[in-house]
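Some notes on the structure that comes next.
Below, chain A is the first sequence line, B the second, and so on; all start at residue 1.
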There are 2 protein chains.
Amino acid sequence: MAEAKKSTLVLVAERAGVSIASVSRVLNGLPASEQISAKVKAAAQELGYVADATARSLKVGRTEQIALAVADVGNPVYVAMMNEISRVVTDAGYRLVTSSTGNDAEDQIALLSSLNRGYADGMILSPLRVTEPLIAELRASRLPIVVIGSLPEGVELDSVRADSVAGMGLAIKHLAKQGRQRIAFVNGPVDTVPGAARLRGYVTAMDKRGLPMHGDLQVNADDFTFAAGLVAAEALLDQSAPDAIVCANDLLAVATMKVLARRGLSVPGDVALIGMDDTEIAELVTPSITSVNLGSVKRAREAAKLLIRRLADPDAPVKQVVIAPKLTIRESSVIPH
Amino acid sequence: MAEAKKSTLVLVAERAGVSIASVSRVLNGLPASEQISAKVKAAAQELGYVADATARSLKVGRTEQIALAVADVGNPVYVAMMNEISRVVTDAGYRLVTSSTGNDAEDQIALLSSLNRGYADGMILSPLRVTEPLIAELRASRLPIVVIGSLPEGVELDSVRADSVAGMGLAIKHLAKQGRQRIAFVNGPVDTVPGAARLRGYVTAMDKRGLPMHGDLQVNADDFTFAAGLVAAEALLDQSAPDAIVCANDLLAVATMKVLARRGLSVPGDVALIGMDDTEIAELVTPSITSVNLGSVKRAREAAKLLIRRLADPDAPVKQVVIAPKLTIRESSVIPH
DNA sequence: CTGTTAGCGCCTTCAC
DNA sequence: GTGAAGGCGCTAACAG
């Protein structure tokens with residue numbers, strides 16, 4: 001049974017009647033005689049010895065920790081990504097240190113420079129907004145960083161991103177096939193990385209299919225949240241009468257669905273609805289919501305693997321991965337016959 | 001600008017032309033002359049110096065990290081708790097190390113003993129099942145631990161728990177007031193801490209009000225998840241025709257709502273529905289779901305504060321906090337007139 | 001007020 | 001194969 005007091009290598013060595021070096025070797029699986037090995041293991045067992053993590057870290061220069069910084073923990077897609085990252089890094093023997101920065105770029109910069117204290121061996125960062133100072137800080141970092149999200153041209157960092165444009169294309173194509181004409185778009189803030197990308201996708205896809213794109217078919221929520229979605233959807237339906245609505249994420253889609261219900265509009269009868277991110281909430285609600293799967297889990301897994309690879313091989317070539325989207329069709333976009 | 005290379009106290013001292021002790025003092029805000037202070041700060045700035053966290057930890061015996069172990073990260077209530085804990089510990093200057101153990105008691109025990117490596121200064125633990133070996137390990141821990149959830153009598157550990165019995169009482173009372181008679185209960189596994197407590201609450205409350213409690217009004221989902229809830233709700237409605245259903249958490253409630261919709265039963269018209277935990281999903285769906293607020297956020301906050309208090313004062317008396325429940329009434333339980 | 005010095009607990013060459 | 005000793009980077013006594 002473990003003791004309540006802390007025990008060190010020295011104590012174990014005394015108890016076993018050997019040198020601390022031998023104890024270290026045995027416990028790290030280095031060659032040692034049966035005899036010593038047995039004595040050391042017994043002593044360690046009796047004392048409930050476990051090697052001190054901080055001392056080990058200082059000596060070997062690794063903490064076995066990976067830092068994760070995400071902006072909005074209220075969003076289920078980040079939760080899903082976090083879980084996946086947690087799984088991968090844990091399997092690789094790392095602990096995960098999570099910090100939820102605000103949407104604030106300042107916070108992220110502070111976090112990056114604090115990473116240089118070396119409390120973790122590397123970081124996975126998913127910034128909502130990519131500013132110049134942030135990029136400068138990313139470049140200056142002493143430790144490896146993997147970015148989830150788009151990076152400007154010329155920034156040579158490991159990264160993983162979704163293909164929002166293609167994803168939006170899938171959504172619009174699906175709706176057009178169903179004969180929908182007036183396809184509206186509820187976006188989040190356009191000055192964010194995902195907001196900008198999804199707008200680009202909407203414009204591109206609508207344009208390609210020659211669909212009308214009046215300004216009154218577009219609204220931007222102040223945030224990627226349910227509450228902001230309610231406001232935005234009300235505004236949209238006040239100013240136009242779409243027969244389909246694409247939302248920039250599932251929270252906005254759920255909010256839009258609620259507003260449609262309030263107004264007595266049926267889904268998918270009167271209005272077809274599509275969300276993005278394909279999180280669990282899309283299937284919890286009734287009717288379940290068709291959603292563009294932007295590969296959040298894959299992105300998370302890939303990001304974690306990228307970082308682990310870089311930690312193992314600091315000189316590996318920079319890798320920028322793009323994950324292809326898929327459309328998960330549910331009840332909200334197809335009229336059953 | 002920060003350099004890409006690591007810099008140490010020694011380097012800063014050389015550059016500033018002073019001793020390393022002076023550098024340490026200045027950077028830690030201890031008294032020093034203006035002159036030296038200025039030189040040190042300049043040198044540190046130029047070299048982009050930040051103190052190494054592992055070395056500091058080894059020296060001072062604190063990591064400034066707090067570990068958090070939760071069982072089921074798929075459940076939104078844990079996400080909410082995690083966010084709150086993250087906020088509190090961050091404000092207090094700690095980093096949060098999260099580990100999602102499986103539902104496995106083994107995992108939790110392994111985690112507890114790994115905590116003795118000293119990678120964190122303490123841990124917040126929310127075990128789904130409290131077994132004997134787990135308690136033994138809790139007692140043996142060298143570092144302070146705060147438990148979220150009920151603990152057996154006589155276990156002297158800081159803890160915070162909900163009052164499920166009172167909470168269930170609120171739900172049943174509310175339903176009875178609305179004239180509901182056949183109140184069913186969709187529980188999770190009864191061999192878990194929350195499952196057992198909520199069953200106790202249901203039995204107590206039904207009994208108190210003299211409401212019928214046939215076995216066919218009760219089902220246990222295999223898990224506190226949406227998928228398990230679908231199965232359980234189907235089973236319930238196959239075997240009985242309740243006019244109200246209480247679910248052991250919001251995920252089970254959402255699943256039950258979906259099954260009710262499938263069967264053409266209206267909420268709250270045909271069946272009133274109440275969830276527990278009062279998470280965001282209860283208000284996302286349509287109709288929104290009345291839910292018993294078991295104070296998850298308060299519990300989380302209290303747990304974090306308790307741990308921080310104990311870290312500051314290891315000899316403080318053990319404190320066991322119980323958070324009172326409230327009922328958040330929404331659309332699913334009241335017929336509008 | 002400042003510099004020198006001794007560890008924190010561990011890993012890892014080096015001699016033996 | 002084993003033990004002795006140095007040092008990772010930092011803080012905190014202790015002298016001066």
Residues two or more places apart in sequence or in another chain: which of them pass side-chain hydrogen bond (donor to acceptor under 3.5 Å, both in side chains) with B:Arg129? B:Asp191
Show me the donor-acceptor pairs within less than 3.5 Å that the side chains of residues 27-41 of chain B make with the rest of the protein, sequence neighbours left out.
| from | atom 1 | to | atom 2 | distance (Å) |
| --- | --- | --- | --- | --- |
| B:Asn28 | ND2 | B:Ser24 | O | 3.3 |
| B:Ser33 | OG | B:Ile36 | N | 3.3 |

The criterion is side-chain hydrogen bond (donor to acceptor under 3.5 Å, both in side chains); which residues satisfy it with B:Asp223, sequence neighbours excluded? none
Going by the rule side-chain contact (heavy atoms from CB on, under 4.5 Å), which residues pair with A:Thr90 if we only count those two or more places apart in sequence or in a different chain? A:Ser86
Contacts of A:Arg161 meeting salt bridge (Lys or Arg N to Asp or Glu O under 4.0 Å) (sequence neighbours excluded), chain-then-number -> none
Can you check whether B:Leu68 reaches B:Ser99 side chain to side chain, under 4.5 Å on heavy atoms? no
Students should find that the end-to-end axis angle of the helix from C:dC1-D:dG16 to C:dC16-D:dG1, with five pairs defining each axis and rounding to 10 degrees, is 50°
Partners passing side-chain hydrogen bond (donor to acceptor under 3.5 Å, both in side chains) against A:Arg95 (at least two apart in sequence or in another chain): A:Gln65
In chain order, what residues pass the side-chain hydrogen bond (donor to acceptor under 3.5 Å, both in side chains) check against A:Arg310, with sequence neighbours excluded? A:Asp158
Residue pairs involving residues 294-306 of chain B (criterion side chain to side chain donor-acceptor pair (under 3.5 Å); sequence neighbours excluded): B:Glu84-B:Arg301
If the condition is side-chain contact (heavy atoms from CB on, under 4.5 Å), which residues does B:Asp91 pass it with, not counting sequence neighbours? B:Arg87
Every protein N/O within reach of nucleotides 9-12 of chain C N/O, cut-off under 3.5 Å:
| from | atom 1 | to | atom 2 | distance (Å) |
| --- | --- | --- | --- | --- |
| C:dC10 | OP1 | A:Tyr49 | OH | 2.5 |
| C:dC10 | OP1 | A:Asp52 | N | 3.2 |
| C:dC10 | OP2 | A:Leu9 | N | 2.5 |
| C:dC11 | OP1 | A:Arg56 | NE | 3.1 |
| C:dC11 | OP2 | A:Ser24 | OG | 3.2 |
| C:dC11 | O2 | A:Lys59 | NZ | 3.3 |

Taking 5' to 3' order, which nucleotide of DNA chain D is first and which is last to have an atom within less than 4.0 Å of a heavy atom in chain B? D:dG9 to D:dA13
Give a yes/no answer on whether the side chain of B:Ser22 brings an N or O atom under 4.0 Å of OP1 or OP2 in C:dG3. yes
